[in-house]
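Notes follow once the structure below has been shown.
If you're wondering where the values come from, they're calculated on a predicted model, not measured in any experiment.
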Amino acid sequence: MIRQRLFRYAVYRNMFLSFVLLTAAMIALVTVVLYMMFSWSTAKEVGKISESMLKQNSAVSSVIRDQVYNVGNLLLSDKEIVNALLDKEADPVKQYGVFGTLNRVQSTYPFIHSIGIYNGSNNTYLNTKGITKEQEKALLEEINNKNTSYFHLFPRKISSATSTNRSEDVLTFVLLPSYYSPLSSKGAIVINMSTGTIQDLIGGYRNEAVDSLYVIDDKGTIITHSDPSRFMEDISQESYVQSILGTDAESGYFTRSIDGRKSLVTYVKSKDMNWTFISVSQYQNLLFNMQALRTSALVLALACFVVSMFLSIWLTHHAYNPIRHLLEKMSAIPKMKENRRQINEFAILDTTYAEMTEKMKSMESEASVARQAHVLQLLKGGDETAFRRLAREGKGPSFLAAVLLLDSLDGSPGGEDEEQQSYTCAAVAQAAQQMLEPEGASVATVGDGTIAIILPMKQSRLPLHVLGMLEELQGEMLRTLRVSVTVGIGTAAQTYEELRESFDCAQSCFQQRFFAGKGRMFHGDPVIAAESEHTEAQYPDKREKRIIEAIKLQQRDKLEKEIDQWIKEIRDYNYHEVMFFINQFIGGLYKQLNVHTVKNRESADLFLDFTRRITRFQTLQETADALKDLALRLCNLSEESGAVRHAEVVDFIQMYVRKHYARPDMSLEQVAGEVKLSRSYVGKLFKAHCELSFNDYLNAVRLEKARELLASTDESVQSISEQVGILNTTYFYTLFKKHYQISPAQFRSQHAIETKKAQ
């Protein structure tokens, strides 16, 4: 039974596979997460244990330091040692005694590799291992260069006294007695400690999980390592070493990839010495039973998967039953059982649903066409018979006509293309019918972007909840279709003629949209409309002259303000008067400006394009924006014609200033007279082209000439100031210092010094 359903029914098979994949993914996720959590927890515990062990190891540094100090103090308390450090004659007898004392001290401390005494006064060096002064030459030179503190540490390799080809790894502690005592500043005690001894002290804390255990100094140099071959290796460039040396924490642990393997790094910094104890363990070695853990997790996951298979079969069987019953009711599934081919339940449901949808659409379409035909018959050429039939079917004695007007989608005059507008109009009409159908409303499209609504009413006023429905419709269309809808509401009607008047009144509301803006709701009131028609209209011709003057002078800011004021003055008139004023305004602009522009054809095209679009403006604000755009374009055309002449005027002024800069009476008014233009116009023109005022340019030329005279002559500052046209010497000082950040006298001195250096 189950096998037959799996191979025959597509939905059953998909449901089963979905359950199996879901449970398998969940099992894999849980297994991996638990394994990772256990691995992380184990690594954390191992890190804490390793950190604790390293803290115990760090005590080794304190022990070594204390022991070295004890040895140094013991030697300095011995008279023979002190005499050897003070001896200037290198007496062999004394040296023999010192050699014996050093051997006795070394035998007392087994961790000491060798002890040496260096006397810089007589340049002698004694060592318990017989290492000569020549073999320790590098160390002795370093001792002579580093005598600022008592204690020094040098990890190094020393040559064997018996074989020059053999070396040993030691930590050398250099004690400079002169730092604390009156001994010779050229004397030192050298204590060599075997690195193997230190490794033996800390190596006891190693376990099977730790791959390497070592100590580095603050420069990243290995002092001792579980691998002796790495002694004195510089590992400061390793990323994990840089992390350790760069942190202020005294201890810690972290994971890092070392040599391509994930490893756990634990570190502890010594408080007494600049040592850092480090242990590195491969991550896979932290769990000693890693393989067994993996095997157990895999077996558990497989067992859970087998259980999930049976659970998936049970869930699929129960979840599929409702679909099977639905198919048996909607299609001929029982008849298909004789056919052994596979069955796609979704395809069967889709086909059945499509057939039912087509039937419903056909019925709805027929009803919608009949309803729209009835509305059109009433509002456009109907008769009393149609109205009486509407009254018998209506819910109230009165009716009201409302009109929905679609505003342009993109906000530009003319709106979208016809196909898009038709689709949008149909969608809005359908939404209005569905929303207002409970109120008994009839909806129909009566024109391009215009939708008519006939609402039955039980009272003379439209109910508030119906107004709320219309506002909700406006908001819904704006959110879903991104189109604003303007609503016009007519007056109440009880006869066929009154209904036609109500429809005309609703359409006249859209003239209010021209002034108030799109996406609003307007109520028709014939009394107010009649009163507004008797208002005497006066064209604002003075404002028009100011606009034309601003265009000629390219005063763009003033131009926009003047157009706003012009629009404000005509706003109070009715729609037809405003449209008349706009046409008169365009005619005035054309007459006054078109003949003065260089590109007559281009400016004429601007006016022609505007007049073509003027009837498509839906609001007064759109009209105002278009007027501003037209005026600014006319400004640009006017500006292009005068740009060449302006450049010539500015060039003449600059040449005139450079030629007559020495005249004290040089001024903007005088220069404006030379070019036959007004003072204010020349000032604005010069600043627009040169990006600085005329006076600033004149001062810059005069100061440049003054600097040349200061550098080439010995004349006084007062004389030079008068020569460049500035009679007030104090004012000249102020200008010069402001322009060059130094006074004229300082400039002359500085120039003289630079001239001497150049010679």
side-chain contact (heavy atoms from CB on, under 4.5 Å), that's the test. Do Leu620 and Val578 meet it? Break it down for me. CA-CA 9 Å; Leu620 186 59; Val578 169; 4.0 Å; yes

Please report the C-alpha distance between Lys561 and Asp557 in whole Å, then the side-chain angles of each, then the deciding distance to 0.1 Å, and finally whether the salt bridge (Lys or Arg N to Asp or Glu O under 4.0 Å) criterion is met.
CA-CA 7 Å; Lys561 294 179 181 178; Asp557 294 339; over 6 Å; no

request  = Please step through side-chain contact (heavy atoms from CB on, under 4.5 Å) for the pair Thr445 and Thr450, ending with a clear verdict.
outcome  = CA-CA 6 Å; Thr445 302; Thr450 306; over 6 Å; no

message: Working note: Ile586 + Leu630, criterion side-chain contact (heavy atoms from CB on, under 4.5 Å); need CA distance, chi angles, decisive distance, verdict.
response: CA-CA 10 Å; Ile586 295 301; Leu630 174 65; 3.8 Å; yes

task: Dump the intermediate steps for side-chain contact (heavy atoms from CB on, under 4.5 Å) on Val483 and Leu478, then the final yes or no.
output: CA-CA 5 Å; Val483 58; Leu478 190 60; over 6 Å; no

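A salt bridge between Glu497 and Arg500 is absent, with no side-chain N of the basic residue lying under 4.0 Å from a carboxylate O of the acidic one. Remark: Lys545 does not engage Asp541 in a salt bridge, criterion side-chain N to carboxylate O under 4.0 Å. The residues Lys542 and Glu562 are annotated as not salt-bridged, no charged nitrogen and carboxylate oxygen being separated by less than 4.0 angstrom. By the 4.0 Å N-to-carboxylate-O rule, Asp564 lies too far from Lys568 to be salt-bridged with it.
Residues Gln474 and Arg520 share a closest heavy-atom pair of NE2-O, 3.2 Å. The two residues Ala401 and Ala506 make their nearest non-hydrogen contact at O-CB, 3.8 Å. Closest of all the heavy-atom pairs between Ile563 and Ala631 is CD1-CB, 3.8 Å. When every heavy atom of Thr619 is checked against every heavy atom of Gly517, the shortest pair comes out as CG2-CA, 3.9 Å. Ala441 and Gln433 get closest at one heavy-atom pair: O-NE2, 3.4 Å. The shortest heavy-atom contact between Phe515 and Tyr573 is CZ-O, 3.3 Å.
The closest side-chain heavy-atom distance from Phe399 to Met457 is not below 4.5 Å. Between Glu560 and Leu632, the closest side-chain pair of non-hydrogen atoms falls below 4.5 Å. Val307 places none of its side-chain heavy atoms less than 4.5 Å from the side chain of Cys304. Taking the side chain as every heavy atom from C-beta outward, Phe522 and Val487 never approach each other to under 4.5 Å. At least one side-chain heavy atom of Leu467 sits under 4.5 Å from a side-chain heavy atom of Ile489. Proximity of Ile454 to Val443: side-chain heavy atoms (C-beta onward) are nowhere separated by under 4.5 Å. Put simply, the side chain of Ile567 reaches to within 4.5 Å of the side chain of Arg571, judged on heavy atoms. Considering only heavy atoms from C-beta on, Ile570 stays 4.5 Å or farther from Phe585 through its side chain.
Between the side chain of Ser502 and the backbone N or O of Glu498, no donor-acceptor pair lies under 3.5 Å. Side-chain atoms of Ser484 do not come within 3.5 Å of backbone N or O of Lys518 as any donor-acceptor pair. When atom types are taken as modelled, the side chain of Asp407 and the backbone of Gly519 share a donor-acceptor pair closer than 3.5 angstrom.
Distance CD1/Ile582 to OG1/Thr611: 13.0 Å, rounded to 0.5 Å. Interatomic distance, Glu569 CD to Phe581 CZ, rounded to the nearest 0.5 Å: 10.5 Å. Atom CZ in Arg613 sits 10.0 Å away from atom OG1 in Thr623 (nearest 0.5 Å). Put simply, CG on Leu21 and CE on Met26 are 13.5 Å apart, with the number rounded to the nearest 0.5 Å. His465 NE2 to Glu472 CD: the interatomic distance, rounded to the nearest 0.5 Å, is 12.0 Å. From Ile453, atom CD1 reaches atom CG of Leu470 across 6.0 Å, with rounding to the nearest 0.5 Å.
The environment of CG in Leu464 is sparse: at most 12 heavy-atom neighbours from other residues, nucleotides or ligands sit within 6.0 Å. Heavy-atom contacts from other residues, nucleotides or ligands closer than 6.0 Å to NZ of Lys628 number more than 12. Dense packing is recorded around NZ of Lys558, with more than 12 heavy atoms of other residues, nucleotides or ligands lying under 6.0 Å away.
Below 30°, between 30° and 60°, or above 60°: for Trp566 and Tyr539 the angle between ring planes is above 60°, a perpendicular geometry.
Tested against Ile451 for a side-chain contact (heavy atoms from CB on, under 4.5 Å), the candidates Val485, Leu404, Val403 yield a single pass: Leu404.
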